[in-house]
Amino acid sequence: MADEKELRYDPATIEPKWQQKWAADPTLYAAEPKECGKPKYYVLEMLPYPSGQLHMGHVRNYSIGDALARHMWMRGYNVLHPMGWDAFGLPAENAALKNNTPPREWTLANIAAMKRQMQRLGLGYDWATEVTTCLPEYYRWNQWFFLRMYEKGLVYRKQSKVNWCPECATVLANEQVVNGCCWRHEDTIVEQRDLEQWFYKITAYAQELLDGLDTMEGWPEKVRTMQRNWIGRSEGTEVDFGLEGSGAKIRVFTTRVDTIFGATSVQLAPEHPLIKEFCVSDAELKAKVDLLIEEQKKAKESGDLGAIEKHGVATGRFAVNPYNGEKVPVWVANYILMDYGTGAIMSVPGHDERDFEFATKYGLEIRRVIAPAEAGAEEPALPYTSEDGVLVNSGAYDGLRCTEAEKKLQEVAASGGFGEAKVTFRLKDWGVSRQRYWGTPIPMIHCAKDGLVPVPDDQLPVILPAQVEITQQGGSPLSRVADFVNTTCPKCGGPARRETDTMDTFVDSSWYFYRYTDAGNSSAPFEPATAQYWFPIDQYIGGVEHAILHLIYSRFWTKVMRDLGLIKNDEPARRLFTQGMVIKDGAKMSKSKGNVVSPDDMVVRYGADSTRMYALFAAPPDRDLDWQEDGVAGVSRFLGRVWRLATKHAEAARAGRSRKYEAPSGTALKLLRKLHQTIARITQDFEGRWHFNTCVAAIMELVNEMQAADAELSSGAVEAAVIHELLRSLVLLLAPFAPFLAAELWEELGEEGAVLRAPWPACDAELAREDEQEIPVQINGKLVTVVRVAAGADAKTIEAAALADEKVLARAAGKTVAKVIVVPGRAVNLVVK
RNA sequence: GCGAAAGUGGCGGAAUUGGCAGACGCACCAGACUUAGGAUCUGGCGGGGUAACCCAUGAGGGUUCGAGUCCCUCCUUUCGCACCA
């Protein structure tokens with residue numbers, strides 16, 4: 001009875017046993033020093049926010065990364081596979097309010113819990129390089145970078161309109177506003193507020209961030225496109241229209257300066273400084289403008305600026321077109337944005353959809369100034385927006401093609417001093433001030449005498465105080481901590497106040513992966529030589545939801561660090577992989593939908609190996625994965641079959657360990673052939689295709705075939721040396737996907753050392769080769785039969801075999817074979833009439 | 001509206017280059033065994049037909065000896081962008 005019990009695969013005893021062994025060996029998953037001579041491989045999964053619980057998305061992400069890391073270890077690489085915690089942020093403050101637990105305590109407890117989950121899952125991380133962003137050992141370098149960037153003019157402070165989430169009671173970066181709502185509170189409308197804020201000058205790198213995308217072939221095209229759109233480069237021209245009866249100029253931005261002779265009005269943003277000026281002496285206008293401002297604000301807050309109903313007001317002033325001296329009315333309109341271009345446009349109704357709509361509504365003149373390039377073509381209806389045309393009604397420029405005219409007009413503007421070619425970006429500078437407690441203190445001091453004074457390096461880190469009352473009211477919680485706020489000015493020594501805003505948590509995650517390379521460094525963020533050895537990251541893996549926020553900030557930070565001389569790489573990661581979501585019953589797992597599956601439950605019921613392997617088996621990693629618990633049970637059953645097969649024949653395998661088989665035949669050859677074909681398939685997939693679902697399927701096929709030959713394996717018909725190779729290689733193939741079972745069976749087979757240190761099995765092409773193959777035979781494109789020929793048979797042989805086949809003869813009887821198409825190794829098609 | 005990806009059995013999915021559609025797994029059906037287990041083993045499992053065969057990869061066209069795969073039109077779903085001058 002006891003014996004029978006032992007024949008059951010029991011992950012609940014196997015897995016904790018190995019978990020303990022691995023925990024006791026810190027070198028197992030540790031990277032080696034750069035002098036080790038092996039090629040390096042840096043595989044990174046996005047670090048989690050320590051919410052306290054891993055979810056299935058994490059399990060999937062880490063199962064992919066861990067399989068890759070283990071494979072690369074077995075391929076002989078020096079692998080860096082680290083993990084850390086994106087530990088600052090609002091949930092800790094919310095939890096503090098709810099449970100009266102200090103954010104630090106809450107966060108560290110969550111980290112401990114999630115680390116336990118990761119270890120239980122058998123994820124192979126080097127915990128010696130663990131990074132926790134909320135600890136001063138880490139965030140002091142956020143402060144250090146802030147100061148270096150301040151010195152380089154890449155940090156500045158300005159009063160600006162900011163996105164304010166009433167729920168978070170703090171500011172959001174543009175990137176954190178989704179459809180007019182907060183990225184963390186999908187139903188909370190973001191307000192616009194005026195505040196003094198710190199900014200990182202990401203726009204200084206706009207062009208480089210854009211150009212880099214073209215060379216980043218290891219990144220998904222989808223992510224690159226999203227970043228291109230976000231950066232939003234647009235080439236055009238700035239032109240000064242004179243304001244009639246004053247020396248003032250109205251500078252407009254246009255991408256179609258070639259249409260400027262068709263400009264029949266100039267439109268200003270409601271918040272344009274000139275409009276403010278007009279309003280000072282014109283209460284009636286001011287009232288109308290205020291209404292436009294209100295409409296625009298509402299539209300911005302609802303996130304659907306595109307749906308705004310266009311409204312405009314004529315100011316009664318006129319602007320002068322510098323090219324022809326023409327007077328056109330100056331309007332103010334609710335769809336013109338102050339923060340794009342110059343906040344002013346020229347309106348060309350004849351050749352722009354929007355302007356056409358506006359002009360039609362308000363009865364402004366619509367003029368044709370572009371005609372189709374082909375002579376004699378019919379005049380197209382207005383608005384005619386094609387750039388493939390020639391200028392008409394445009395004075396001296398008539399007859400020029402649009403692109404020529406654009407250049408010419410830019411030259412004229414430049415030499416006349418009333419304009420120039422100009423590139424505009426949608427990308428805005430990154431506002432990093434947050435009126436929150438749980439974040440990196442901004443290392444600046446406000447002195448009444450000396451103004452803004454940076455905290456000197458030797459006073460870093462500026463420690464985030466522990467005892468802080470957290471409330472949901474606006475204003476920085478730190479401003480209520482007198483001990484923190486009151487300080488002395490580093491310059492004059494007089495009394496001064498500390499900056500009380502903290503940094504956006506996306507600062508933390510913009511460079512954490514550099515810190516992994518030298519996590520213990522207390523005199524620098526990392527040693528440049530070490531970072532240069534490991535960077536760029538060879539494979540970064542995470543969710544596509546970070547396509548813009550995290551991944552654009554990280555690229556920016558890398559370029560800044562390069563310009564500070566710390567690193568040599570231009571981009572952080574050579575390859576990026578975005579895995580699909582985990583869904584259940586057709587919807588993303590979420591508490592509100594009640595379809596959340598807990599990883600802990602899965603591990604308890606089926607074990608970590610089955611849970612991880614299912615996450616890889618159920619779908620290709622880049623696609624969404626539908627979680628079906630019956631599928632996990634299926635994988636678990638499969639691992640049970642592997643376990644029984646291996647333990648049953650372990651003795652034979654051990655006996656065959658030191659022997660070598662010769663010229664296998666029959667079942668032995670068949671199994672070895674299947675084995676080596678499987679090795680080839682899986683090895684190839686790890687090189688880049690990453691269809692781990694089919695890798696697992698291939699292992700299942702192999703096991704099915706071995707199981708079908710159970711009688712021969714047991715009877716001695718297959719010699720021990722062959723059984724040894726079969727089982728040993730099977731365990732190696734399984735190691736990246738089911739590390740616990742692999743370790744257990746490795747031991748069972750009498751192998752020494754860790755599976756991870758054993759070389760990945762090599763495919764023996766000779767053994768893998770089939771000596772016969774089946775060739776489908778078609779008649780007129782329809783499959784009729786299959787003929788067996790020797791592998792590599794030439795076209796003649798295949799044709800002869802096909803023509804000799806009974807079914808073919810029967811079908812072709814009385815007809816003429818008009819043509820025979822033979823694709824050796826693939827198919828035969830007979831065209832029969 | 002613009003752009004991208006996807007659409008294959010009851011379900012998840014396979015078919016890397018145009019060449020046997022449905023690998024592998026789930027669910028289901030039948031049987032064996034029984035220690036009655038969250039077992040295990042054997043067989044079946046797209047549709048129609050007794051069969052030979054015929055039909056089938058969102059719909060419709062096309063290219064080709066041959067199309068799930070390439071081209072065109074359309075439909076559906078998901079994602080991204082959307083007065084950016």
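All figures in this text were calculated on a predicted structure; none of them were measured in a lab. Just so we're on the same page: letters track the sequence lines, and every chain starts at 1. Only heavy atoms go into these numbers, but all of them, side chains included; no hydrogens, no water, no symmetry mates.
Sorted by first then second residue, the ring-ring contact (aromatic ring centres under 6.0 Å, His included) pairs that include residues 609-640 of chain A, not counting sequence neighbours, are A:Y614-A:W627.
Both A:G631 and A:W230 lie near RNA chain B, and the one whose nearest nucleotide falls closer to the 5' end is A:G631. When the nearest nucleotides of RNA chain B are assigned to A:R426 and A:R811 by heavy-atom distance, the more 5′-ward of the two goes with A:R811.
Of the C1' atoms belonging to B:A27 and B:G9, the separation is 12 Å, rounded to the nearest Å. Spacing of C1' atoms, B:G7 relative to B:C54, comes out at 26 Å, to the nearest Å. When the C1' atom is used for both B:A14 and B:U57, the distance is 12 Å, rounded to whole Å.
OP1 or OP2 of B:G25 lies within a sub-4.0 Å distance of a side-chain N or O belonging to A:N704.
Looking at the side chain of A:Y335, the nearest of the listed nucleotides B:C55, B:C83, B:C53 is B:C83.
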**OP:** Would you mind building the protein contact string for nucleotides 7-20 of chain B? One character per nucleotide, 5' to 3', B for base within reach (heavy atoms under 4.0 Å), S for sugar-phosphate only, - for untouched.
**Re:** ----SBSSSBB-BB
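The pair A:E806-A:R811 fails the salt-bridge criterion, with no side-chain N (NZ, NE, NH1 or NH2) lying under 4.0 Å from an Asp/Glu carboxylate O. Using a cutoff of 4.0 Å between basic side-chain nitrogens and carboxylate oxygens, A:K310 and A:D355 are not scored as salt-bridged. We find that A:E309 and A:K361 are joined by a salt bridge, their nearest charged nitrogen and carboxylate oxygen being less than 4.0 Å apart.
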Pull out every protein N or O sitting under 3.5 Å from an N or O of nucleotides 36-45 of chain B, one pair per line with the distance.
from  : atom 1 : to     : atom 2 : distance (Å)
B:C41 : OP1    : A:Q707 : NE2    : 2.8

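The 12-atom threshold is exceeded at CD of A:E687, counting heavy atoms of other residues, nucleotides or ligands nearer than 6.0 Å.
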Original post:
Starting at the 5' end of RNA chain B, what dot-bracket string do you get if Watson-Crick and G-U pairs under 3.5 Å are bracketed, crossing pairs use [ ], other-strand pairs use | and unpaired bases use dots?
Top reply: (((((((..(((......[....))).(((((.......))))).(((....)))..(((((..]....))))))))))))....
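Using a 4.0 Å heavy-atom cutoff across all strands shown, A:I336 reaches at least one base atom of the nucleic acid. The residue A:G341 sits apart from the nucleic acid: no heavy atom pair falls under 4.0 Å. Looking at heavy-atom distances under 4.0 Å, A:T255 makes contact with sugar-phosphate atoms alone, never a base.
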Anything under 3.5 Å between a donor and an acceptor, one on a side chain of residues 418-426 of chain A, the other on a protein residue two or more places apart or in another chain? List them.
from   : atom 1 : to     : atom 2 : distance (Å)
A:E420 : OE2    : A:R251 : NH1    : 3.1
A:R426 : NH1    : A:N229 : O      : 3.3

Distance-only donor-acceptor pairs under 3.5 Å for side chains of residues 692-709 of chain A, two or more places apart:
from   : atom 1 : to     : atom 2 : distance (Å)
A:T694 : OG1    : A:H691 : O      : 2.8
A:E701 : OE1    : A:K674 : NZ     : 2.9
A:N704 : OD1    : A:R641 : NH2    : 3.3
A:N704 : ND2    : A:M700 : O      : 3.4
A:Q707 : OE1    : A:R641 : NE     : 3.2

